[in-house]
Each structure stands twice: as C-alpha cells, then as structure tokens.
Amino acid sequence: MKVRIDGVHKSFRKDKHQQLEVLRDVSIQIKDGEFVSLLGPSGCGKSTILNLVAGLDSPSEGSITVDGKQVNGPGTDRVVVFQQGGLFPWMSVVDNVKYGLRLKKISAKEVDERADDVLKMVHLSKFKGHFPNELSGGMQQRVAIARALIMDLKSC
Ligand SMILES: Nc1ncnc2c1ncn2[C@@H]1O[C@H](COP(=O)(O)OP(=O)(O)OP(=O)(O)O)[C@@H](O)[C@H]1O
Ligand SMILES: [Mg+2]
C-alpha cells in the first residue's frame with residue numbers, strides 16, 4: 001500500500017474567531033511495505049495525520065492518496081487501533097472484534113473462525129463473552145488490536 005500526503009494543512013476551529021493550526025504543509029510519502037513511525041511531542045498532530053489517512057477527518061488543504069486513490073472517507077483497506085481503544089461498550093469482546101467484517105462478504109462460519117484465531121493471538125479467548133468495562137486497560141487495547149488484525153486482507 002502506497003500512501004502519499006501532499007501539502008496538507010489542518011486547522012481546528014477554536015471559537016468563533018480563532019483557528020488552531022495543527023498541521024502546516026505536511027508532505028509524506030510511504031512506500032509499499034514500508035514501516036513508518038510518527039514521532040513528536042504530545043499534541044503535535046500525530047493522531048491528526050492518522051485520522052486524515054484513515055478518512056475520519058479531512059484536510060483543510062492538500063491531498064491524501066492511498067494507492068493512487070484520493071481518500072474521501074474510511075474504507076476497509078485502512079484500519080486504525082485507536083489511542084483510546086474505541087471499543088463499543090454495549091458489545092461483547094467477540095462482537096467488537098467481528099464488527100469490521102460485517103462490511104465484507106465472508107461467511108458467518110469464517111467470521112467466527114477468524115475471531116477465534118485473533119482472540120487466541122492476543123490471549124483473550126477466555127474473555128470473548130465479556131464486555132469492555134470488565135477488562136483491564138491492556139486487555140481493552142488488545143481487543144482493539146484484534147479488531148484491526150481480523151481485517152487482514154491477505155487472508156480473505
Ligand atoms: N477534533 C479536534 N478539535 C479541536 N482540536 C483538536 C481536535 N483534534 C485534535 N485537536 C488538537 O490538535 C492538536 C494535535 O492533536 P493530536 O491528537 O493530533 O496530537 P498527538 O500528536 O496525537 O498527541 P499525543 O501524543 O498526545 O497523542 C492538539 O492541540 C489537540 O488539542
Ligand atoms: Mg495521539
């Protein structure tokens with residue numbers, strides 16, 4: 001997957017008259033298979049960049065393409081492990097993990113098998129019926145990771 005961020009600016013509205021400029025003229029090119037870390041002090045805009053690439057927010061200026069296609073919103077080709085977990089509190093662990101696969105044409109049997117596999121990987125098989133508020137912070141973070149891993153396109 002190739003990601004291209006070109007001349008991106010992002011500002012958030014602070015109040016009626018003021019804008020908070022978070023990203024100014026950011027350009028990044030990520031090659032297929034490349035592993036990239038964004039480093040910087042808290043509040044410098046790392047999550048903002050990730051949200052833009054995920055299509056959860058849009059740049060104030062500039063463009064973002066993934067494999068040559070303009071990012072206009074979220075898609076099953078991009079997954080995010082949110083900083084705060086972002087689990088659905090009303091869903092059990094296994095239902096949280098299976099959530100993204102609803103958008104793909106995969107049989108219920110395979111969805112169940114893949115959920116079992118990823119839950120095993122993150123050592124949470126015994127907690128599949130629990131709800132997020134019954135888990136530790138680290139366990140919740142592992143559910144969020146399992147929810148991203150289950151989307152792995154190569155095994156579809
Ligand atoms: N939706 C929003 N509305 C207004 N301001 C926002 C919004 N999202 C982020 N910000 C502001 O933008 C700046 C960058 O936030 P961001 O979450 O990208 O930081 P970060 O680099 O990921 O920080 P951290 O390392 O603490 O996670 C911060 O000043 C934050 O307050
Ligand atoms: Mg962040």
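Both ligands and their constituent atoms are indexed starting at 1 by order of listing. All values below come from the heavy atoms of this structure, side chains included, with hydrogens, waters and symmetry mates left out. For clarity, every value in this text was computed on a predicted model and none was experimentally measured.
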task: Answer with yes or no whether G40 contacts ligand 1, where contact means a heavy atom under 4.0 Å from a ligand atom.
output: no

query: Are the side chains of K10 and D57 in touch, meaning some heavy atoms are under 4.5 Å apart?
result: yes

Atom 3 (N) of ligand 1 protein-contacted (non-hydrogen atom, under 4.0 angstrom): yes

- request: Enumerate the protein N/O/S atoms at a distance below 2.8 Å from the Mg ion (ligand 2), ignoring waters.
  value: S47 OG, Q83 OE1

- prompt: Tell me: protein heavy atom nearest atom 26 (O) of ligand 1, and distance?
  reply: S42 OG, 2.5 Å

field: Check against side chain to side chain contact (heavy atoms under 4.5 Å, CB included), V81 and Q141
entry: CA-CA 8 Å; V81 176; Q141 199 53 245; 3.3 Å; yes

field: Element-labelled atoms of ligand 1 that are located less than 4.0 Å from some non-hydrogen atom of T48
entry: 14 (C), 15 (O), 16 (P), 18 (O)

H9: partners by ring pair (Phe, Tyr, Trp, His ring centres under 6.0 Å), with sequence neighbours left out: none

task: Below 4.0 angstrom from a heavy atom of S47, which ligand 1 atoms are there? Numbered from 1 as shown, please.
output: 17 (O), 18 (O), 20 (P), 22 (O)

task: Could you find the nearest protein heavy atom to atom 25 (O) of ligand 1 and give me its residue, atom name and distance?
output: K46 NZ, 2.7 Å

- request: Give the atoms of ligand 1, by number and element, whose distance to some non-hydrogen atom of L20 is under 4.0 Å.
  value: 11 (C), 29 (O)

- prompt: Is the closest side-chain heavy-atom distance between P132 and N96 below 4.5 Å?
  reply: yes

task: For atom 9 (C) of ligand 1, grab the closest protein heavy atom and report residue, atom and distance to one decimal in Å.
output: F12 CE1, 3.6 Å

- request: Give the residue, atom name and distance (to 0.1 Å) of the protein heavy atom nearest atom 27 (O) of ligand 1.
  value: Q83 NE2, 2.8 Å

query: For ligand 1, is there an N or O atom under 3.5 Å from any N or O atom of G43?
result: yes

- prompt: What distance separates I49 CD1 from N51 CG, expressed to the nearest 0.5 Å?
  reply: 10.5 Å

task: Using a distance threshold of 4.0 Å (strictly less than), state whether atom 30 (C) of ligand 1 has a protein heavy-atom neighbour.
output: no

message: Between V97 and L124, is the side chain to side chain contact (heavy atoms under 4.5 Å, CB included) condition met? List the steps.
response: CA-CA 11 Å; V97 166; L124 285 174; over 6 Å; no

query: So, D77 and K69, do they make that salt bridge, N to O below 4.0 Å?
result: no

query: Tracing side-chain links under 4.5 Å among I, L, V, M, F, W and Y, which residues wind up in one group with F88?
result: W90, M91, Y99

query: Can you name the residues that form a side chain to side chain contact (heavy atoms under 4.5 Å, CB included) with K31, not counting sequence neighbours?
result: E34

- prompt: Taking side chain as C-beta onward, heavy atoms only, is K98 less than 4.5 Å from D112?
  reply: yes

query: What residue and atom, counting heavy atoms only, is the protein's closest point to atom 12 (O) of ligand 1, and at what distance?
result: V22 CG2, 3.2 Å

- request: Please round to the nearest 0.5 Å and tell me the distance separating atom CD of E134 and atom CD of Q140.
  value: 10.5 Å

query: Is any side-chain heavy atom of I5 less than 4.5 Å from a side-chain heavy atom of L52?
result: no

